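Bear in mind that the values here come from a model prediction, so they are computed numbers and not experimental data. Positions are given from 1, in the same order as the sequence printed here. For ligands, and for the atoms within them, numbers begin at 1 and follow the listed sequence.
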Amino acid sequence: MSQHLLGQLRDELDVLDAKHLIRRRRTVETPSAPALRVDGRDLLAFCSNDYLGLAAHPAIIAALQEGASLYGVGSGASHLISGHSRAHAVLEERLAEFMSPYMEHARALYFCTGYMANLAVITALAGKDAAVFSEALNHASLIDGVRLSRAAVKVFPHRDYAALEQMLQESNANTKVVVTDSVFSMDGNIADLPALLALCERHDAWLMVDDAHGFGVLGTNGRGVLEHFNLRSPNLVYMGTLGKAAGVGGAFVAAHTTVIEWLVQKARPYIYTTAAPPALAHALLTSLDIISGAEGQQRRNNLQQLIASFRQGLRLPSWELMPSDTAIQPVVIGDNAVMLQVAANLLEQGIWVGAIRPPTVPAGSARLRITLSASHTREQVTQLVHALNELEAASNEAAKDEATSNGLAEAP
Ligand SMILES: *Cc1c(COP(=O)(O)O)cnc(C)c1O
């Protein structure tokens with residue numbers, strides 16, 4: 001019996017393997033930084049979401065240690081039993097104040113992870129009589145939230161707000177919820193939130209924004225995509241994660257106080273889980289100080305300069321550097337096996353980038369997901385640019401040779 005069940009799984013794994021879709025984890029032995037020790041090797045990494053380089057910041061490490069001394073390690077219970085500590089309460093006040101320029105009567109709610117925050121918001125706002133309008137390139141956690149809600153779902157094409165407007169017009173649901181990433185995590189481009197918000201206000205719909213890759217990075221003060229576009233509306237429900245640019249872990253939802261009260265009462269991923277260790281919330285206070293202060297601004301400026309120099313240096317005629325101004329700089333190669341070979345060649349040179357395949361991205365758009373951080377040096381970025389330019393030139397030559405030998409290329 002168990003042989004049969006295990007055999008089924010092995011067959012499925014073999015199918016994945018044949019399609020170059022088996023994923024492997026590498027074990028990192030040093031704190032998050034551009035220079036990592038990975039499985040015993042020194043690598044230069046361009047694949048973390050630690051955009052400001054805060055994940056191993058000495059002041060935040062000290063704050064985490066202080067938090068553990070003050071509050072212990074575990075929270076001991078869920079928030080609605082006895083797990084809601086002073087550290088969580090203070091963090092939520094600080095986050096609400098931080099986001100208050102962009103919403104009236106702002107309140108914030110701290111979650112263990114962004115994945116759970118997304119499940120919480122969508123399932124709490126969209127009951128079975130609601131309609132959810134979901135952007136095609138949304139993150140998996142938003143998609144799972146939509147699936148878990150029992151609402152009717154419409155997926156609108158990437159950044160096609162005319163199609164969305166049509167869908168909103170045709171819907172007679174009592175509650176409408178539009179859900180979108182702000183910065184698309186595998187493409188690096190930004191949703192046109194001013195257009196989306198105008199639509200949502202016109203059609204009396206909630207606009208739920210997942211700013212996992214914007215919080216801390218976008219906006220002069222790091223308040224994220226709402227600051228970037230200077231948006232303010234009672235229709236907004238904002239989700240920011242705290243394990244990427246903020247360097248620690250967890251996430252928060254900021255919205256009108258009535259929305260937050262509704263989540264506390266109704267959101268199952270908030271209610272039925274043990275509260276995150278309070279020391280994490282305490283450490284996040286220092287992270288917020290850095291993000292909102294002069295050091296944060298300095299780090300954001302640094303990151304912007306690295307992004308510009310990365311884009312200026314690349315010459316990739318046969319690959320596609322996606323149009324992105326953010327720290328996410330994907331290079332689309334297309335074929336899974338070719339992309340994996342390029343990633344392996346980079347790794348031979350000691351450079352580690354994300355290798356992203358379907359189903360995370362559409363079939364035929366396998367890509368290197370390169371992420372830059374404020375803690376990279378210009379020399380490190382130049383090293384990556386040279387390596388990519390040379391690999392592209394080599395693979396272009398190889399493709400031409402093959403075409404010539406097959407008689408497919410025009411004679412020069
Ligand atoms: C990382 C990510 C999440 C999940 O956040 P976690 O805190 O890692 O669970 C949600 N949405 C997007 C767009 C993300 O990139």
Side-chain angles (χ1 to χ4, degrees), residues 23 25 28 32 46-52 54-55 88 91-92 95 108-123 132 134-149 155 158-159 177-191 193 196 207-218 224-226 228 236-254 263 267-270 273-277 280-281 283-284 287-288 291 322 324 326-330 354 356 359-361 367 369-373:
R23 294 144 184 251
R25 301 172 304 167
V28 177
S32 170
F46 292 92
C47 47
S48 93
N49 301 315
D50 180 17
Y51 300 124
L52 297 181
L54 298 186
H88 299 124
L91 175 64
E92 288 178 348
L95 287 166
L109 194 64
Y110 178 57
F111 284 82
C112 295
T113 71
Y115 188 103
M116 292 166 75
N118 281 343
L119 295 190
V121 170
I122 298 172
T123 56
V132 179
S134 181
E135 144 80 60
L137 293 192
N138 273 348
H139 188 261
S141 56
L142 293 170
I143 295 170
D144 290 356
V146 173
R147 289 181 182 163
L148 195 58
S149 81
V155 175
H158 183 48
R159 288 177 50 98
V177 186
V178 174
V179 179
T180 188
D181 277 16
S182 56
V183 178
F184 292 93
S185 48
M186 296 301 142
D187 291 50
N189 61 342
I190 305 182
L193 283 193
L196 269 174
L207 178 56
M208 196 243 164
V209 178
D210 174 341
D211 201 24
H213 303 283
F215 182 76
V217 186
L218 297 178
V225 76
L226 301 185
H228 176 79
L236 278 168
V237 180
Y238 177 89
M239 198 289 294
T241 62
L242 299 168
K244 291 177 176 156
V248 181
F252 71 100
V253 175
L263 294 182
R268 297 167 65 90
Y270 183 74
T273 195
T274 300
L280 294 183
L284 279 162
S287 174
L288 274 184
I291 287 173
M322 299 203 74
S324 158
T326 67
I328 302 169
Q329 293 289 325
I356 311 288
T360 309
V361 293
R367 65 196 66 181
R369 180 177 183 271
I370 292 158
T371 50
L372 299 173
S373 152

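- In this structure, CE in M186 is found 6.5 Å from NE2 in H213, a value given to the nearest 0.5 Å.
- In this pair, Y270 and F111 present their aromatic rings perpendicular. The plane angle is above 60°, beyond the 30 to 60° band.
- Under the side chain to side chain contact (heavy atoms under 4.5 Å, CB included) criterion, A275 pairs with S75, H79, H88, sequence neighbours left out.
- Side-chain contact check for D187 and H158: no donor-acceptor pair (N or O, by modelled atom type) lies under 3.5 Å.
- Here V217 pairs with Y51, A245, L303 under the side chain to side chain contact (heavy atoms under 4.5 Å, CB included) rule; sequence neighbours left out.
- Listed by chain and residue number, V209, D211, V225 satisfy the side chain to side chain contact (heavy atoms under 4.5 Å, CB included) test with S182 (two or more places apart in sequence, or in another chain).
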Ligand 1 N/O to protein N/O, distances under 3.5 Å:
{"residue": "ligand 1", "atom": "7 (O)", "partner": "G114", "partner atom": "N", "Å": "2.7"}
{"residue": "ligand 1", "atom": "9 (O)", "partner": "G114", "partner atom": "N", "Å": "3.1"}
{"residue": "ligand 1", "atom": "9 (O)", "partner": "Y115", "partner atom": "N", "Å": "2.9"}
{"residue": "ligand 1", "atom": "11 (N)", "partner": "H139", "partner atom": "ND1", "Å": "3.4"}
{"residue": "ligand 1", "atom": "11 (N)", "partner": "D210", "partner atom": "OD1", "Å": "3.4"}
{"residue": "ligand 1", "atom": "11 (N)", "partner": "D210", "partner atom": "OD2", "Å": "2.5"}
{"residue": "ligand 1", "atom": "15 (O)", "partner": "H213", "partner atom": "NE2", "Å": "2.6"}
{"residue": "ligand 1", "atom": "15 (O)", "partner": "K244", "partner atom": "NZ", "Å": "2.6"}

